[in-house]
Amino acid sequence: MARILSVCPIVVPCLFTTSRRIVRVSVTARNPSISFESMALKPPLHPTYDLKGIINLALAEDAGGQGDVTSMATIPVDMEVEANFLAKEDGIIAGIALAEMVFHEVDPSLKVEWSQKDGDCVHKGLQFGKVYGRAHNIVVAERVALNFMQRMSGIATLTKEMADAAYPACILETRKTAPGLRLVDKWAVLIGGGRNHRMGLFDMVLIKDNHISIAGGITNAVKSVDLYLEQKNLKMEVEVETRTLEEVHEVLHYAAQTKTSLTRIMLDNMVVPLPNGDVDVSMLKEAVNLINGKFETEASGNVTLETIHKIGQTGVTYISSGALTHSVKALDISLKIDTELALLVGRRTNRA
């Protein structure tokens, strides 16, 4: 029996079987607010992001003010069903907590069970969760919940592969996220075992090439940041992008002469592609050796699954990749009421 809670969504361990763990969740209609206390991995912090608002925007986009006309025409109002989540590819599952929020936003009486948690591996054909309650509301919530889960799981799956290959360096995403889904995309990176770069323009200073060009050089840019932070009495991480070994030398010379707020040096496009498909990381390695642990280092550019292991062996602290979020391939997940038929069709098409 699901435990009824006064806040949502709190995950409560309930039933155990010999082969899988079942987590049951329910909420009351009195307080459909969002709580992150017992999630497998909480979303990153953001001062203005409204996660519930994003869910409602996605639901309103689907409803278009008219509602689900197909469900209203075909599903009896009081019919209740059970629907099962089905993985149709191997990967890392992510977005379970967010999907739960979607279902509870549509209908707080819907009950959700999971045999996996965010960050777990799933394999093709695995039934990893279920939702039961009013059929109409399950179908209304289905696509929005799956859209979030598929995108997040795709990001988490690629992040896990990249993070494993990058070791001992840490993998970071960038701000190259889907507009309006910044927090969701970065949450998926955390679930996949990556680390977050800055959330936006507000929480870290990142002096990039255009800032350097406008400031009249890399020393001027870093000096201006030091002065600004001192005047505003601000303390935050500061990173500067370098594109040549000369710029690295210039930054190190400035830092040796002056007290600076600089914490990290980005080494941009110092991984050079070779005609045979390999990469030359000698320039990157030389830059890391020059810095010699005085600052954190971050490699950026020409980062792929094929190159990241070699980059990670140079001694660089972080490796950032925009591809984690801007080129995501969604993980195929479905929600089926007739699971037996879905599996039969899936096997026929090699998707289960």
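Scope of the values below: all heavy atoms of this structure, side chains included, with no hydrogens, waters or symmetry mates.
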Minimum-distance pair of heavy atoms, taken over all atoms of V102 and F148
CG2-CD1, 4.0 Å
Show the nearest heavy-atom pair for residues H123 and D90, with the distance to one decimal.
CA-OD1, 3.1 Å
Working for salt bridge (Lys or Arg N to Asp or Glu O under 4.0 Å), residues E89 and K124
CA-CA 4 Å; E89 287 183 277; K124 184 167 63 175; over 6 Å; no
Short side-chain to backbone donor-acceptor contact, Q150 and A330, under 3.5 Å
no
Hey, could you give me the CG/CG distance between N220 and L227, rounded to the nearest 0.5 Å?
12.0 Å
Between A169 and G312, the two heavy atoms sitting closest are CB-CA, 4.0 Å
By the side-chain hydrogen bond (donor to acceptor under 3.5 Å, both in side chains) test, which pairs, at least two apart or in different chains, include something from residues 59-79?
D68-S71
NE2 of H253: more than 12 outside heavy atoms within 6.0 angstrom?
no
What residues, two or more places apart in sequence or in another chain, satisfy ring-ring contact (aromatic ring centres under 6.0 Å, His included) together with H46?
Y49, F202
Under 3.5 Å donor-acceptor, T314 side chain and K285 backbone:
no
Please round to the nearest 0.5 Å and tell me the distance separating atom CD of Q313 and atom CG of L284.
11.5 Å
Locate the shortest heavy-atom distance separating S261 from V225; write the atom from each residue and the value.
OG-CG1, 4.3 Å
Using the rule given for side-chain contact (heavy atoms from CB on, under 4.5 Å), can you reason through D278 versus T307, listing the C-alpha separation, both sets of side-chain angles and the distance that settles it, and then say yes or no?
CA-CA 7 Å; D278 199 0; T307 65; over 6 Å; no
Nearest 0.5 Å please: distance from the NZ atom of K130 over to the CD atom of E82.
4.0 Å
Main chain of G200, side chain of D203: is a donor-acceptor contact present, judged purely on distance under 3.5 Å?
yes
Measuring only between side-chain heavy atoms, which start at C-beta, is R175 closer than 4.5 Å to L201?
yes
Any link between I92 and I171 through a network of hydrophobic side chains (Ile, Leu, Val, Met, Phe, Trp, Tyr) touching at under 4.5 Å?
no
Atom SG of C170 and atom CD1 of I319: how far apart are they, to the nearest 0.5 Å?
9.0 Å
Working note: V328 + I155, criterion side-chain contact (heavy atoms from CB on, under 4.5 Å); need CA distance, chi angles, decisive distance, verdict.
CA-CA 6 Å; V328 59; I155 292 171; 3.5 Å; yes
State whether K223 and D226 are salt-bridged, where the test is any N-O pair (Lys NZ or Arg NE/NH1/NH2 against Asp/Glu carboxylate O) under 4.0 Å.
no
So how far is it from I308 CD1 to T304 OG1, rounded to the nearest 0.5 Å?
8.0 Å
Heavy atoms of S321 and T174 approach each other most closely as C-CG2, 3.9 Å
Sub-4.5 Å side-chain heavy-atom contact between P44 and L183:
yes
Min side-chain heavy-atom separation K52-E105 under 4.5 Å
yes
Find out whether V303 and M162 are in side-chain contact, i.e. whether some heavy atom of one side chain is under 4.5 Å from a heavy atom of the other.
yes
So the side-chain hydrogen bond (donor to acceptor under 3.5 Å, both in side chains) pairs with at least one residue in residues 230-240 (sequence neighbours excluded) are H197-E239
side-chain hydrogen bond (donor to acceptor under 3.5 Å, both in side chains) between S320 and E298, worked out
CA-CA 7 Å; S320 57; E298 177 186 329; 2.8 Å; yes
Should we say atom CG of L45 is surrounded by more than 12 heavy atoms from elsewhere, each under 6.0 Å from it?
no
Keeping K186 on the side-chain end and R198 on the backbone end, is there a donor-acceptor pair under 3.5 Å?
yes
Would you list the pairs meeting side-chain hydrogen bond (donor to acceptor under 3.5 Å, both in side chains) in which at least one residue belongs to residues 155-172, sequence neighbours left out?
K160-D164
Between N302 and the options I311, V272, V271, the side-chain contact (heavy atoms from CB on, under 4.5 Å) test singles out V271
4.5 Å side-chain heavy-atom contact, H211 and K208:
yes
Please check if V122 and F85 belong to a single hydrophobic cluster, counting links between Ile, Leu, Val, Met, Phe, Trp and Tyr side chain heavy atoms closer than 4.5 Å.
yes
Restricting to non-hydrogen atoms, name the atom on A94 and the atom on I191 that form the minimum distance, rounded to 0.1 Å.
CB-CG2, 3.7 Å
Can a donor-acceptor pair be found between the side chains of N84 and Y132 at a distance below 3.5 Å?
no
Are L305 and L158 side-chain neighbours, meaning at least one heavy-atom pair lies under 4.5 Å?
yes
K310, NZ: over 12 other non-hydrogen atoms inside 6.0 angstrom:
yes
Sequence-distant partners of K176, salt bridge (Lys or Arg N to Asp or Glu O under 4.0 Å), two or more places apart
none
To the closest 0.5 Å, what do you measure between CG (D280) and CG (L274)?
5.5 Å
Set of salt bridge (Lys or Arg N to Asp or Glu O under 4.0 Å) partners for D185, sequence neighbours left out
R151
With side chains defined as the heavy atoms from C-beta onward, is the minimum distance between D120 and W114 less than 4.5 Å?
no
If Ile, Leu, Val, Met, Phe, Trp and Tyr residues are connected whenever their side-chain heavy atoms lie under 4.5 Å apart, and connections chain through other members, are L335 and I93 in the same group?
yes
Does a donor on one side chain sit under 3.5 Å from an acceptor on the other, for T177 and T325?
no
Assess the residue pair K111 and V131 against the criterion (side-chain contact (heavy atoms from CB on, under 4.5 Å)); give the C-alpha distance rounded to whole Å, side-chain angles, the decisive distance to 0.1 Å, and a yes or no.
CA-CA 6 Å; K111 296 176 177 62; V131 56; over 6 Å; no
Between Y254 and M266, is there shared hydrophobic-cluster membership here, with clusters defined by ILVMFWY side-chain heavy atoms closer than 4.5 Å?
no
Between N137 (side chain only) and D107 (backbone N and O only), is there a donor and an acceptor less than 3.5 Å apart?
no
Report whether V112 and F128 are members of the same hydrophobic cluster (ILVMFWY, side-chain heavy atoms less than 4.5 Å apart, transitive linking).
yes
Report the residue from L267, N210, I207, D209 that forms a side-chain contact (heavy atoms from CB on, under 4.5 Å) with E241.
D209
Taking the six-membered ring of Y318, is the NZ or CZ of R264 close enough (under 6.0 Å from the centre) and on axis enough (within 45°)?
yes
Note, V81 side chain near I138 side chain (heavy atom, < 4.5 Å)
yes
Just to verify, which of L262, D268, T263 counts as forming a side-chain contact (heavy atoms from CB on, under 4.5 Å) with I265?
L262
Quick one, L98 with I55, criterion side-chain contact (heavy atoms from CB on, under 4.5 Å). Give me CA distance, side-chain angles, the key distance, then yes/no.
CA-CA 9 Å; L98 187 52; I55 291 170; 3.7 Å; yes
